[in-house]
Amino acid sequence: FIVLSITCPPCRAVLPQWRYWQLEQGLADSYIDFISRDPSGAVWAVHGDVAAISRFDGRNFTKIPSGSRYNRFDSLDSQNGWIAYEKEIQHLQNGKWEMFPAFGLYDDVRRHYESRYLRLLDLGASQALLLFPDHFARFSAVTKELKVIPFAASAKFGRLKSFERSPDGGIWVVGEQGVARFEWDTSTAGIKNWHEYLLGKLRVEDLRHPVGGLNGEFFVSAVRKGTKLRDALLLRNGQWEVIGHQRIAGPNRSEEHTSE
């Protein structure tokens, strides 16, 4: 199900109001495997084995028939978009799905959860940007062509792991040793303004769960090396901060939540 917290600035002393949306309110199913937000603010819900995905614009639900889907759906225009999973990439255009090979997009994964990383972004005009461990590529559903896109990452950045779309239109990339931000230049069909933010002295690894903030900040989790703690990291004004941590649960042990 979908949960949203609603607050109003003049009433900050009042507890936020929570609203819930489930199958009864219009979702294709109450179980949600993945959730994403497009630039218009609409929310897309992927339901795994359920043969439909849901779009919610804040007022109304739309159910889009589909096969089973196991990754986030990414849309630029809030109507059409792309989704990828292991051996296949899928394009939704005007309510119809078209399937293409994944071109080895997830061939490097060693753990099951890595096959669920976001490695495909909608560029509009039936094109998608694909993220491979060592390069980017642009694919067109019209011409069926896959073209490698140059970019200027430093040697310290490491292998590319996943995408995250920023609310301001930028694109974040998670790497082994940090994150980078860039913009897609539609006039040249290429990457511009590539900026890296390496982890530096932070002794962490295994970056996951990236979130781009409304004001240019960036959130991600990472495992603290040599421990069983997963830190919550905040990148703000080019500086990393540890804002909390969670103990990684082991066999027969519940998770602990603490804050720094």
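Values in this document were obtained by computation on a predicted structure and should not be read as measured data.
Counting non-hydrogen atoms of neighbouring residues, nucleotides and ligands closer than 6.0 angstrom, the NZ atom of Lys225 exceeds 12 such neighbours. The local environment of CD in Glu24 is crowded, with over 12 non-hydrogen atoms from other residues, nucleotides or ligands closer than 6.0 Å. Around the NZ atom of Lys96, the shell of radius 6.0 Å holds no more than 12 heavy atoms that belong to other residues, nucleotides or ligands.
Residue Val204 is grouped with residue Tyr197 when hydrophobic side chains (ILVMFWY) are merged at heavy-atom distances under 4.5 angstrom, including chains of intermediate members. Linking ILVMFWY residues whenever their side-chain heavy atoms come closer than 4.5 Å, directly or via other members, leaves Leu118 and Phe218 in distinct clusters. A single hydrophobic cluster is seen to contain both Phe163 and Phe157, as judged by linkage of ILVMFWY side chains at heavy-atom distances under 4.5 Å, directly or through other members. Connection of Val43 to Ile53 is not established within any shared hydrophobic cluster, with ILVMFWY side chains joined at heavy-atom distances below 4.5 Å, either directly or through further cluster members.
The main-chain N or O of Tyr117 is found under 3.5 Å from a side-chain atom of Asn71 such that the two form a donor-acceptor pair. Checked by atom type and distance alone, the side chain of Ser166 never pairs as donor or acceptor with a backbone atom of Gly169 at under 3.5 Å. Of the possible donor and acceptor atoms, none in the side chain of His195 sits under 3.5 Å from a partner among the backbone N and O of Arg181. Without hydrogens or angle criteria, Asp168 side chain to Leu214 main chain gives no donor-acceptor distance under 3.5 Å. Listed for the Trp97 side chain is a donor-acceptor partner under 3.5 Å among the backbone atoms of Pro65. Between the side chain of Gln239 and the main chain of Arg236, no donor-acceptor pair closer than 3.5 Å is present. Here the side chain of Ser115 pairs no donor or acceptor atom with the backbone of Glu86 at under 3.5 angstrom. Looking only at distances, a side-chain donor or acceptor of Glu217 sits under 3.5 Å from a matching main-chain atom of Asn215. Without hydrogens or angle criteria, Glu164 side chain to Val173 main chain gives no donor-acceptor distance under 3.5 Å. Between the side chain of Asp122 and the backbone N or O of Leu76, at least one donor-acceptor pair lies under 3.5 Å.
Heavy-atom minimum distance, Gln22 versus Ser30: CB-OG, 3.4 Å. Scanning all heavy atoms of the two residues, the minimum distance from Leu105 to Ala84 falls at CD2-CB, 3.9 Å. The heavy-atom pair separating Phe132 from Ala137 by the smallest distance is CE1-CB, 3.9 Å. Nearest heavy atoms, His112 versus Tyr85: CE1-OH, 3.5 Å.
One distance of note links CG of Leu129 with CZ of Arg119; it measures 13.0 Å at 0.5 Å rounding. Rounding to the nearest 0.5 angstrom, the gap separating the CG atom in Leu131 from the CG atom in Leu120 is 10.0 Å. Interatomic distance, Ser75 OG to Trp82 CH2, rounded to the nearest 0.5 Å: 12.0 Å. A distance of 11.0 Å separates CZ in Arg69 from CD1 in Ile64, rounded to the nearest 0.5 Å. Atoms CZ and CG, from Arg224 and Leu229 in turn, are 5.0 Å apart once rounded to the nearest 0.5 Å. Separation of atoms OG (Ser54) and CZ (Phe73) is listed at 12.0 Å; rounding is to 0.5 Å.
Contact check for Phe61 versus Leu27: side-chain heavy atoms found under the 4.5 Å cut-off. Ile32 is listed as a side-chain neighbour of His47, based on a closest heavy-atom distance under 4.5 Å. Using a 4.5 Å heavy-atom threshold, the side chains of Tyr31 and Asp49 count as separate. Side chains of Leu233 and Val242 form a contact here, defined as non-hydrogen atoms less than 4.5 Å apart. Looking at heavy atoms from C-beta onward, Leu160 lies out of side-chain contact with Asp134 at the 4.5 angstrom threshold. Annotation: side chain of Arg159 is in contact with side chain of Asp108 (closest heavy-atom distance under 4.5 Å). Contact check for Ile35 versus Val46: no side-chain heavy atoms found under the 4.5 Å cut-off. Using a 4.5 Å heavy-atom cutoff, the side chains of Pro101 and Lys87 are not in contact.
Side-chain contact annotation: Arg138 with Gln127, donor-acceptor N/O pair under 3.5 Å present. A donor-acceptor contact under 3.5 angstrom links the side chains of Glu88 and Gln90, judged on distance only.
The ring pair (Phe, Tyr, Trp, His ring centres under 6.0 Å) search around Phe182 returns Phe136, Trp194, not counting sequence neighbours. For the ring pair (Phe, Tyr, Trp, His ring centres under 6.0 Å) test, no residue two or more places apart in sequence or in another chain qualifies with Trp184.
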Report the C-alpha distance between Asp206 and Arg208 in whole Å, list the side-chain angles of each, state the deciding distance to 0.1 Å, and finish with yes or no for salt bridge (Lys or Arg N to Asp or Glu O under 4.0 Å). CA-CA 6 Å; Asp206 190 19; Arg208 299 193 214 174; 3.0 Å; yes

Just do the side chain to side chain donor-acceptor pair (under 3.5 Å) check on Ser221 and Arg230 with the steps written out, would you? CA-CA 6 Å; Ser221 74; Arg230 179 165 285 278; 2.9 Å; yes

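Salt bridge annotation for Asp74-Arg165: present, with a cationic side-chain nitrogen under 4.0 angstrom from a carboxylate oxygen. Remark: Arg116 engages Asp33 in a salt bridge, criterion side-chain N to carboxylate O under 4.0 Å. At a threshold of 4.0 Å, the pair Glu176-Lys161 does not count as salt-bridged, since none of the basic side-chain nitrogens sits closer than that to a carboxylate oxygen. Of the charged side-chain nitrogens involved, at least one lies within less than 4.0 Å of a carboxylate oxygen, so that Lys144 and Glu98 count as a salt-bridged pair.
Aromatic pair Phe103/Phe139: ring centres closer than 6.0 Å. Checked against the 6.0 Å centroid criterion, the rings of Phe56 and Trp21 qualify as a close aromatic pair.
Residues in residues 35-46 take part in these side-chain hydrogen bond (donor to acceptor under 3.5 Å, both in side chains) pairs, two or more places apart or across chains: Asp38-Ser40, Asp38-Trp44, Asp38-Ser78, Ser40-Ser78.
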